[in-house]
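To start, the structure under review is shown below, and the notes come after it.
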Amino acid sequence: MSDTINSEIRFNIELDKNRVPEKLTWSAQDGGVQAEEAKAIMLSIWDSKAKETMRIDLWTKDMPVDEMKIFFHQTLVAMSDTFKRATDDEKMSDTMKDFCDYFAEKLELTK
C-alpha cells in the first residue's frame, strides 16, 4: 500500500470568442480554496528531460496595468525568496532583491 497523497490545484479560464481570458478562477481543496477569482496567473513548469522551463502566463483583459506592475514586483520578490530557499545562495538572492528594489523604484511602486 502506498503512503503517497495526491493534491490537486485547478485553474478554470473563461475565454471570449477571440480566446482572450475574461475570467480566471482557481481551486485548491487542500488549501480551502474553491473557485477564487484571479486577474492573472503565472505558472512555470520545469521539464528536466529537455532542461527547459515551460510557462503559462495569463491575465484577464480587465487586469489594470498598475496592478500588473505590482503583481510582477511581488512575483519577483517571491522568486528571490524561493531561490534562496531552493539553493541557499544568499549572495545571489540579495542581488535579486536589489533588482526588485530598483524595479519598484523605477515603476514608482514605493512611496
Side-chain angles (χ1 to χ4, degrees):
M1 190 187 264
S2 175
D3 289 337
T4 62
I5 299 169
N6 288 318
S7 183
E8 186 174 89
I9 300 170
R10 287 182 176 254
F11 298 97
N12 186 53
I13 298 96
E14 292 181 23
L15 306 171
D16 68 11
K17 65 182 178 187
N18 296 315
R19 303 192 56 79
V20 175
E22 286 192 324
K23 184 176 181 184
L24 304 171
T25 57
W26 69 287
S27 299
Q29 187 174 6
D30 287 357
V33 177
Q34 184 61 39
E36 286 289 323
E37 194 165 337
K39 293 289 182 190
I41 298 169
M42 295 172 92
L43 179 65
S44 299
I45 302 166
W46 178 246
D47 180 340
S48 62
K49 290 178 188 170
K51 300 284 190 255
E52 63 186 25
T53 303
M54 296 179 288
R55 300 186 43 80
I56 299 171
D57 301 320
L58 299 171
W59 57 93
T60 60
K61 55 183 159 184
D62 66 339
M63 172 76 168
V65 172
D66 61 330
E67 288 184 21
M68 182 62 89
K69 291 176 181 181
I70 295 167
F71 176 59
F72 263 84
H73 178 255
Q74 291 179 1
T75 300
L76 291 168
V77 171
M79 287 175 65
S80 67
D81 292 337
T82 301
F83 182 83
K84 168 70 169 77
R85 285 194 319 273
T87 65
D88 201 32
D89 188 336
E90 191 167 341
K91 185 176 179 181
M92 184 52 70
S93 177
D94 289 344
T95 300
M96 292 170 70
K97 287 196 180 205
D98 288 343
F99 172 75
C100 291
D101 292 343
Y102 172 80
F103 185 92
E105 177 185 328
K106 290 299 179 184
L107 291 178
E108 299 178 349
L109 298 179
T110 53
K111 295 192 174 170

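This is a predicted model, so every value here is computed, not measured.
Applying the side-chain contact (heavy atoms from CB on, under 4.5 Å) rule to Glu67 yields the partners Met63, Pro64; only residues at least two apart in sequence or on another chain are considered. Asn18 is linked by a side-chain contact (heavy atoms from CB on, under 4.5 Å) to Asp16, Val20, counting only residues two or more places apart in sequence or in another chain. Taking Asp47 as the reference, nothing meets the salt bridge (charged side-chain N to carboxylate O under 4.0 Å, His left out) condition, with sequence neighbours excluded. In this view, Glu14 satisfies the side chain to side chain donor-acceptor pair (under 3.5 Å) rule with no residue, not counting sequence neighbours. Residues meeting the side-chain contact (heavy atoms from CB on, under 4.5 Å) test with Thr75, sequence neighbours left out: Met42, Phe71, Met79. The side chain to side chain donor-acceptor pair (under 3.5 Å) test applied to Thr60 returns Asp62, not counting sequence neighbours. Ile5 is linked by a side-chain contact (heavy atoms from CB on, under 4.5 Å) to nothing, counting only residues two or more places apart in sequence or in another chain.
Within the structure, salt bridge (charged side-chain N to carboxylate O under 4.0 Å, His left out) contacts touching residues 49-60 (residues at least two apart or in different chains) are Arg55-Asp57. Sorted by first and then second residue, the salt bridge (charged side-chain N to carboxylate O under 4.0 Å, His left out) pairs with a member in residues 22-31 read Glu22-Lys61; sequence neighbours excluded. Applying the salt bridge (charged side-chain N to carboxylate O under 4.0 Å, His left out) test to residues at least two apart or on different chains, the pairs with a partner in residues 89-104 are Asp81-Lys97.
Cluster partners of Phe11, by chain and number: Ile9, Ile13, Leu15, Leu24, Trp26, Val33, Ile41, Leu43, Ile45, Met54, Ile56, Leu58. The rule joins Ile, Leu, Val, Met, Phe, Trp and Tyr whenever side-chain heavy atoms lie under 4.5 Å apart. Connectivity analysis of hydrophobic side chains (ILVMFWY, heavy atoms under 4.5 Å, direct or indirect) links Met92 to Phe83, Met96.
When side chains are defined from C-beta on, Met68 counts as touching Trp59, because their heavy atoms get closer than 4.5 Å.
Between the side chain of Ser27 and the main chain of Ala35, a donor-acceptor pair closer than 3.5 Å is present. Put simply, the side chain of His73 never gets that close to the backbone of Leu109: no donor and acceptor are under 3.5 Å apart.
Here CG of Asp66 is found 12.5 Å from CD of Glu108. Values are rounded to the nearest 0.5 Å.
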